[in-house]
Amino acid sequence: MSPSDPPSVRLRPEIVALPAYRQGQAAAASAFKLSSNENPFDPLPGVIAAVNAETAYNRYPDASALALRERLATQFGRSVDEVHIGAGSVALLAQLILAAAGPGDEVLYSWRSFEAYPGLVTVAGATSVQVPNRADHGHDLPEMATRITDRTRVVIICSPNNPTGTAVTGDEFESFMAVVPPDLLVILDEAYCEFVTDPEAVTGLPLLSRFPNLVVLRTFSKAYGLAGLRVGYALGPVAVLDAARSTAIPLSVTGVAGAAAIASLDAADQLLRRVRALTERRDRVWRLLGEQGWNIPVPQGNFIWLPTAEDTADIADVLSAVGLIVRPFPEGIRISIGEEESVEKLLGICADIVVDLPTGHPARKLG
């Protein structure tokens, strides 16, 4: 059966019409993979040792990942039940949406943001309400507040926003939470929080005690470099996390993933030194691209955003031709901060691209 053939059994039409999540394009050995926001550094030796020590593959893992939950609870000053572990933060997001929203309900988020959001909402049977990003590619929280209705069950705020890299400020977030109904679940997706250097950016953890409708999501995939093992965590009210646990696929977090996450926390100082190296590289790339004439938002994740609009596909092809595999979206191109060796090549080709953009192009500075 070809992909265009109708299914031979009765399926939900909205699921049949739903495009599958599209992973960042793979790269040849001679190219740089800058399409998936991965950490370019190898896991630390202690992390690899912890993974290699987990050999009881004939046994099920601890379904609650208790050891990791205890470690995170101690680190963040929460109770163990205020921590929930999932196979990446996206799995936790799916569980929370399923727990709160169903047919006839709405899930509100900024757009463009993480491309998994629309699919997760559709799978839950709910309806997406997308509020366009501001001209500076950030969340328009005042407008989002006006779009809350009696049908709204979940609001997702992504900071730093994937793929535009912009961060919500603490003041913006608190002003938003002040007008949100107290029984409306707000999810603060902080998958890239370790890369944030803006002191004005929101940090969710201190706000949990003030807002009992808030859940904070984080992951070991990005800064901690465990993308291939799939482990993330949620912090929030016990009753909300219990509901998420009820929707989870049992035993989806492996023992290997839990051991690697704990070892990564043990090596946090070394890992976060690598994060600082990446943020310095990111800021240097952003500054030099700006000097070339690119008009791009200040990045707070481990990636930069080129608002290339209708020229996206052509520019992505040019980058690919020189061995830079990036992530194109309809509105622009997300480029992960990768190996130092990729920087010179990226800056060289971008200098050629920007001079060919017409005056008034959204990716080119005026003047």
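Because the structure is predicted, anything quoted here is derived from the model rather than measured.
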Between the side chain of Arg153 and the main-chain N/O of Ala100, is any donor-acceptor distance below 3.5 Å? no
Quick one: pull up CG in Leu272 and OG1 in Thr279 and give me the separation to the nearest 0.5 Å. 10.0 Å
Count the heavy atoms belonging to other residues, nucleotides or ligands that lie under 6.0 Å from CG of Asn52, then report whether that count exceeds 12. yes
Should Val123 and Ile15 count as side-chain neighbours, where that means a heavy-atom distance under 4.5 Å? yes
Closest heavy-atom pair, Ser252 versus Ile249, reported as atoms and distance to 0.1 Å, is OG-O, 3.2 Å
When you measure from the side chain of Ser336 to the backbone of Gly338, do you find a donor-acceptor pair of N or O atoms at a distance under 3.5 Å? no
Check ion pair Lys33-Glu38 (N to O, under 4.0 angstrom): yes
Between Glu82 and Ser79 (side chain of the first, backbone of the second, donor and acceptor by atom type, cut-off under 3.5 Å), is there such a pair? yes
Between Glu106 and Arg147, does any NZ, NE, NH1 or NH2 come within less than 4.0 Å of an OD or OE carboxylate oxygen? no
Answer yes or no: is there a donor N or O on one side and an acceptor on the other, between the side chain of Ser320 and the main chain of Ala316, under 3.5 Å? no
Crowded around Arg287 CZ? As in, over 12 foreign heavy atoms under 6.0 Å? yes
Minimal non-hydrogen separation, Val16 against Pro7, with atom names: CG2-CG, 4.3 Å
The test is side-chain contact (heavy atoms from CB on, under 4.5 Å); show your working for Asn39 and Lys222 and say whether it passes. CA-CA 6 Å; Asn39 191 321; Lys222 308 303 182 184; over 6 Å; no
Do Ser342 and Leu34 have side-chain heavy atoms sitting under 4.5 Å apart? yes
Test of understanding: with salt bridge (Lys or Arg N to Asp or Glu O under 4.0 Å), list the residues that count as partners of Asp266, not counting sequence neighbours. Arg71
Is the backbone of Asp311 close enough, under 3.5 Å, to the side chain of Thr308 for a donor and an acceptor to pair up by distance? no
With side chains defined as the heavy atoms from C-beta onward, is the minimum distance between Pro237 and Val215 less than 4.5 Å? yes
What do you reckon, is OH of Tyr60 surrounded by more than 12 foreign heavy atoms closer than 6.0 Å? no
Provide the closest heavy-atom pair for Ala201 versus Val196 in the form atom of the first, atom of the second, distance. CB-CG1, 3.6 Å
Pair Ser221, Arg230 - check side-chain hydrogen bond (donor to acceptor under 3.5 Å, both in side chains), show working. CA-CA 7 Å; Ser221 295; Arg230 311 306 303 131; 2.9 Å; yes
For Glu190 and Val216, run side-chain contact (heavy atoms from CB on, under 4.5 Å): C-alpha distance rounded to whole Å, both residues' side-chain angles, the deciding distance at 0.1 Å, then the answer. CA-CA 7 Å; Glu190 291 190 316; Val216 173; 3.2 Å; yes
Tell me whether Arg78 contacts the main-chain N or O of Val83 through its side chain, where contact means a donor paired with an acceptor under 3.5 Å. no
Nearest-0.5 Å distance that lies between atom OG1 in Thr247 and atom CG in Asp242: 11.5 Å
side-chain hydrogen bond (donor to acceptor under 3.5 Å, both in side chains) between His139 and Glu172, worked out: CA-CA 9 Å; His139 283 40; Glu172 288 173 333; over 6 Å; no
Using modelled atom types only, decide if a donor and an acceptor are shared between the side chain of Gln95 and the backbone of Ala248 within a distance under 3.5 Å. no
Taking the side chain as every heavy atom from C-beta outward, state whether Asp189 and Ile157 have any pair of such atoms under 4.5 Å apart. no
Mark yes or no for whether Asp352, through its side chain, and Ile349, through its backbone, hold a donor-acceptor pair below 3.5 Å. no
Closest non-hydrogen contact found for Leu251 with Ala63 is CD2-CB, 3.7 Å
Among all residues two or more places apart in sequence or in another chain, which pass the salt bridge (Lys or Arg N to Asp or Glu O under 4.0 Å) test with Arg12? Glu14
Quick one: are the ring centres of Phe303 and Phe195 less than 6.0 Å apart? no
Are Glu280 and Arg276 ion-paired here, with the side-chain N under 4.0 Å from a carboxylate O? no
Polar side-chain atom of Ser159 near backbone of Val168 as donor-acceptor pair, under 3.5 Å: yes
Give a yes or no on whether Trp286 and Leu324 share a hydrophobic cluster (residues Ile, Leu, Val, Met, Phe, Trp, Tyr; joining criterion: side-chain heavy atoms under 4.5 Å apart). yes
Quick check on the 6.0 Å ring-centre criterion: do Tyr233 and Phe220 meet it? yes
Between Asn213 and Met177, is there a side-chain heavy-atom distance shorter than 4.5 Å? yes
Let me know which of Val326, Asn162, Ile304 forms a side-chain contact (heavy atoms from CB on, under 4.5 Å) with Arg334. Asn162
Assess the side chains of Asp171 and Thr169: does a donor N or O sit below 3.5 Å from an acceptor N or O? no
Between the side chains of Ser128 and Tyr117, does any donor sit under 3.5 Å from an acceptor? no
Report the C-alpha distance between Val155 and Leu184 in whole Å, list the side-chain angles of each, state the deciding distance to 0.1 Å, and finish with yes or no for side-chain contact (heavy atoms from CB on, under 4.5 Å). CA-CA 8 Å; Val155 177; Leu184 174 60; 3.6 Å; yes
Could you state whether Ile296 and Val343 fall into the same hydrophobic cluster, counting links through intermediate Ile, Leu, Val, Met, Phe, Trp or Tyr residues with side-chain heavy atoms under 4.5 angstrom apart? yes
Test salt bridge (Lys or Arg N to Asp or Glu O under 4.0 Å) on Arg134 and Glu143; report intermediate values, then the result. CA-CA 10 Å; Arg134 299 180 311 217; Glu143 178 61 23; over 6 Å; no
So, Arg281 and Glu340, do they make that salt bridge, N to O below 4.0 Å? yes
Starting from Val354, can I reach Val285 by hopping between I/L/V/M/F/W/Y residues whose side chains sit under 4.5 Å apart? yes
I'd like to check Lys365 versus Trp294 (side-chain heavy atoms, cut-off strictly below 4.5 Å). Are they in contact? no
Do the side chains of Leu120 and Trp111 join up, straight or via other hydrophobic residues, at under 4.5 Å, putting them in one cluster? yes
Can you confirm whether Glu310 is buried at CD, in the sense that more than 12 heavy atoms of other residues, nucleotides or ligands lie under 6.0 Å from that atom? yes
Around Asp150, counting heavy atoms of other residues, nucleotides and ligands shown, do more than 12 lie under 6.0 Å from its CG? no
Could you please spell out the steps behind the side-chain contact (heavy atoms from CB on, under 4.5 Å) verdict for Phe32 and Leu346? CA-CA 10 Å; Phe32 293 101; Leu346 175 65; over 6 Å; no
Can Val129 be reached from Leu185 by stepping across I, L, V, M, F, W or Y side chains whose heavy atoms are under 4.5 Å apart? no
For atom CD1 of Ile48, decide whether the heavy atoms of other residues, nucleotides or ligands shown that lie under 6.0 angstrom number more than 12. yes
Just wondering, do Glu331 and Thr312 contact through their side chains at under 4.5 Å, heavy atoms? no
Which atom of Thr219 lies closest to which atom of Ala191, heavy atoms considered: CG2-O, 3.5 Å
Is it true that the side chains of Gln130 and Tyr109 contain a donor and an acceptor less than 3.5 Å apart? yes
Hey, are the side chains of Asn161 and Asn133 touching, using non-hydrogen atoms and a 4.5 Å cut-off? yes
Consider only side-chain N and O atoms of Arg112 and Thr164, and report whether a donor and an acceptor are under 3.5 Å apart. no
Looking only at heavy atoms, what is the nearest atom pair of Asn295 and Pro362, with distance? ND2-O, 3.2 Å
